[in-house]
Amino acid sequence: MPSTMNHENIRNVGIIAHVDHGKTTLVDCLLRQSGMFRASELEESCIMDSNDLERERGITIFSKNASIQYKDYKINIVDTPGHADFGGEVERILKMVNGVLLIVDASEGPMPQTRFVLKKSLDLGLKPIVVVNKIDRPGADPENALNQVFDLFVSLGASDEQLDFSTIYTSAKQGFCRVEPEGENQDMKPLLDLIAEKVEPDKGDHKGAFQMLVSSIDFNDYVGRIAIGKIQRGSYDSNKQYTLITRSGDMEEFKVSKVFAYSGLQRVETDEAVTGDIVGIAGMKEVDIGETIADRECPEALPVIEIDEPTLSINFTVNNSPFAGREGKFVTSRQLRDRLLKEIKHNVALRVEETENSDAFRVSGRGELHLTILIETMRREGYEFAISRPEVVLKKVDDKTLEPEEFAIIDVEEQYMGPVMEAMGQRKGAMKNMLQTGTDSVRLEFVVPTRGLFGFRSQLLTLTRGTGVLNHSFHNYVPYCGELASRNNGVLISLENGSTTTFSLFNLQERGTMFLGPAEEVYTGMIIGENNKDNDLVVNICKKKNLTNVRASGSDDTVSLAPPRIMSLEQVLGYLNDDELAEITPESIRLRKKHLDENDRKRLAKTKKVA
């Protein structure tokens with residue numbers, strides 16, 4: 001960073017929105033039009049989504065920094081996840097910025113996560129700039145979207161200053177913006193001008209002693225852990241010594257080995273940095289999010305970042321099935337424990353607790369997607385383990401048991417409205433609002449216990465023939481509302497170890513839906529399909545057709561098998577019952593009973609009846 005950079009010319013802005021409203025696409029557009037990159041560097045779409053899982057799912061999971069040099073200003077842009085499950089990322093990132101761009105889809109308007117991220121920024125006193133995006137979409141209604149945003153600001157208790165927000169209309173995909181909804185198309189310069197004008201420079205004392213709150217952590221094989229955050233006070237001087245103040249208040253002196261500033265998408269080494277700039281500092285052995293780096297002469301701690309509590313937990317256990325160790329590289333409890341403890345160092349909304357069983361760990365997160373991303377990431381790294389059915393994290397307040405409740409918005413065609421409302425009723429969902437969003441489409445708003453949404457997404461797609469859209473976010477804690485209806489159907493369980501045969505699969509088709517095709521290995525106690533009835537059924541899936549010397553008419557007819565039902569990880573989590581586990585390996589996801597032996601299961605069922 002040039003030494004002439006004035007702290008008054010630094011603008012730190014966060015980009016917040018509901019998932020899939022165009023945050024990352026807008027950042028891409030700003031980077032492309034900034035003139036800081038060669039064409040070859042910008043060949044891919046969604047440059048900021050560098051993680052494989054982010055590209056596959058089309059969502060932002062990890063917040064990222066970029067920097068644009070515009071006129072005399074250095075604009076630090078922080079892209080945040082839109083999904084409420086990654087709210088921990090949003091909360092700490094908002095501590096780094098002095099303003100936010102709230103992006104809203106011109107046709108959909110504010111959605112549950114829009115409400116979630118906006119509330120966080122308003123609570124911190126930030127003044128948003130509203131960007132109405134996707135104005136080129138068929139059915140876009142920018143004025144209606146803007147009215148809904150204003151109503152949302154009012155309902156969240158925004159101050160008069162915050163209500164006087166600036167608005168701009170964009171199509172990030174097409175690369176143009178308008179000052180008025182029907183105005184002429186321009187490049188993104190009006191938006192950059194708006195950021196420079198409306199986002200305030202950092203108010204920290206630039207002449208005071210150095211102070212920085214660690215908001216994010218990165219790792220580099222050469223320099224070790226890199227603490228990333230905004231300089232709250234003072235400026236960095238390479239000749240000074242610095243102190244790390246931990247969450248518990250302990251102080252550790254260290255020598256700074258490297259300081260990085262952001263230029264475009266790159267981290268570049270720098271010798272000096274001023275108040276308000278976002279930098280990375282390396283040199284300390286260990287550092288955690290929420291700790292403070294300060295001048296050794298004036299070690300004052302900043303308030304620790306408070307993160308919302310987890311709402312969902314899953315037990316991760318060592319895989320003890322007959323196929324254990326076949327496909328994974330890391331299979332022991334020590335390897336599993338080390339990986340989970342490493343994760344909580346940068347994934348601040350996650351909690352890991354050890355259980356009475358040394359081979360099991362209770363992992364709590366902000367929602368199904370938060371935990372699913374962790375499971376999928378570990379899978380790809382070569383870990384093998386088993387997971388239990390998700391459970392909600394209950395709270396005790398004044399001798400009352402409370403459970404988390406979600407605010408859910410469901411967009412469906414009118415003809416499917418009845419079955420969807422009935423399904424939500426069975427899950428103890430209460431309808432709060434119903435809006436007509438088109439000629440044949442309806443938006444239903446519910447509050448429903450978090451438990452009630454387990455496995456609902458796949459049921460919704462079945463009820464609406466693939467057309468229903470579900471969005472939800474954490475609402476609040478409510479009194480525990482008793483037992484909920486669980487899965488209606490039992491499962492088909494393998495009787496023995498072996499390989500599935502076409503003969504067996506064909507004969508068992510009328511019993512239920514199969515999860516496996518022919519010639520796939522199975523073991524005793526493994527779940528191979530869903531029973532049509534409500535009881536579990538042990539079946540011989542490995543039975544072969546006996547050969548005889550007699551040739552019967554029709555024996556050579558082609559056997560026709562229905563295709564097996566292949567479930568995604570999210571569907572598996574929603575499908576599991578309390579007595580079942582999912583075996584997760586780099587190559588497979590298998591369902592199994594906790595107790596593989598049928599006699600053990602019967603004995604346990606008898607004990608439960610007696611109790």
Side-chain angles (χ1 to χ4, degrees), residues 83-85 87 111-113 115-116 119 155 308-315 349 351 353 362-372 387-412 416-435 442-464 468-490 534 570-580 608-609 611:
H83 205 286
D85 283 17
M111 297 289 275
Q113 273 87 357
R115 184 186 189 89
F116 171 81
K119 185 175 189 315
S155 69
D308 285 354
E309 291 297 309
T311 57
L312 207 62
S313 70
I314 290 180
N315 283 347
R351 302 277 185 280
E353 303 164 60
R362 183 174 290 107
V363 180
S364 309
R366 287 289 283 271
E368 212 171 357
L369 186 64
H370 188 198
L371 294 168
T372 305
I387 54 171
S388 67
R389 183 189 183 187
E391 298 170 359
V392 294
V393 178
L394 301 174
K395 260 179 159 182
K396 281 269 187 190
V397 178
D398 301 330
D399 295 334
K400 283 186 181 176
T401 303
L402 304 180
E403 67 171 328
E405 182 183 65
E406 304 269 325
F407 178 67
I409 289 184
I410 305 173
D411 289 302
V412 291
Y416 305 123
M417 195 168 74
V420 170
M421 287 166 70
E422 186 183 341
M424 284 300 274
Q426 289 168 355
R427 293 166 179 266
K428 304 214 173 167
M431 185 188 273
K432 293 295 176 188
N433 199 4
M434 182 170 77
L435 300 165
V442 180
R443 176 169 291 175
L444 308 173
E445 296 181 5
F446 291 89
V447 287
V448 57
T450 302
R451 292 179 297 143
L453 289 177
F454 291 169
F456 178 67
R457 198 179 294 269
S458 53
Q459 186 187 2
L460 175 70
L461 292 174
T462 307
L463 292 172
T464 61
V469 178
L470 168 69
N471 287 290
H472 59 92
S473 66
F474 173 73
H475 188 235
N476 60 6
Y477 274 88
V478 294
Y480 186 74
C481 60
E483 290 299 314
L484 289 180
S486 58
R487 192 178 72 212
N488 295 326
N489 298 54
D534 60 0
E570 282 92 342
Q571 288 170 322
V572 164
L573 285 181
Y575 189 82
L576 288 173
N577 262 348
D578 291 334
D579 63 338
E580 295 163 1
K608 277 187 179 176
K609 274 185 183 175

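This structure is a prediction, so every number in the text was calculated from the model and none was measured.
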#### Entry: pair Thr311-Tyr477: side-chain heavy atoms closer than 4.5 Å
yes

## Note on the structure
Closest non-hydrogen contact found for Pro310 with Arg366 is CA-CD, 4.3 Å

### Donor-acceptor contact present, side-chain Ser388 to main-chain Asn315, <3.5 Å
yes

#### Entry: Interatomic distance, Thr464 atom OG1 to Ile410 atom CD1 [nearest 0.5 angstrom]
9.5 Å

### Message
Is there a side-chain contact between Leu460 and Val412 in this structure, where contact means two heavy atoms from C-beta onward sitting under 4.5 Å apart?
### Response
yes

### Task
Look up atom CZ in Phe454 and atom CG in Leu312, then write down how far apart they are to the nearest 0.5 Å.
4.5 Å

### Message
Take a 6.0 Å sphere around NZ of Lys428 and say whether it holds more than 12 heavy atoms from other residues, nucleotides or ligands.
### Response
yes

### Message
If I take atom CZ from residue Phe407 and atom NZ from residue Lys432, how far apart are they, to the nearest 0.5 angstrom?
### Response
10.0 Å

### Task
Would you check if Thr401 and Pro479 make a side-chain contact, meaning some heavy-atom pair closer than 4.5 Å?
no

### Query
How far apart are the closest heavy atoms of Leu453 and Met424, and which atoms are they?
CD2-CE, 4.5 Å

### Message
Quick check for you: to the nearest 0.5 Å, what is the distance between Met431 atom CE and Leu444 atom CG?
### Response
4.5 Å

### Query
Looking only at heavy atoms, which two atoms of Ala423 and Gln459 are closest? And how far apart?
CB-NE2, 3.6 Å

## Note on the structure
Residues Gly429 and Phe446: closest non-hydrogen pair is C-CD2, 4.2 Å

## Note on the structure
For residues 443-455, the side chain to side chain donor-acceptor pair (under 3.5 Å) pairs (sequence neighbours left out) are Glu403-Arg451, Glu406-Thr450, Asp411-Arg443, Arg451-Tyr480

### Query
If we only count heavy atoms from C-beta on, is the Ile387 to Leu371 side-chain gap below 4.5 Å?
no

### Message
Using 0.5 Å steps for rounding, measure from the CD1 atom of Ile314 to the OG1 atom of Thr372.
### Response
6.5 Å

### Query
Does any non-hydrogen side-chain atom of Glu368 lie less than 4.5 Å from one of Arg457?
no

### Rounded distance (nearest 0.5 Å) linking atom OG1 of Thr462 with atom OH of Tyr416
11.5 Å

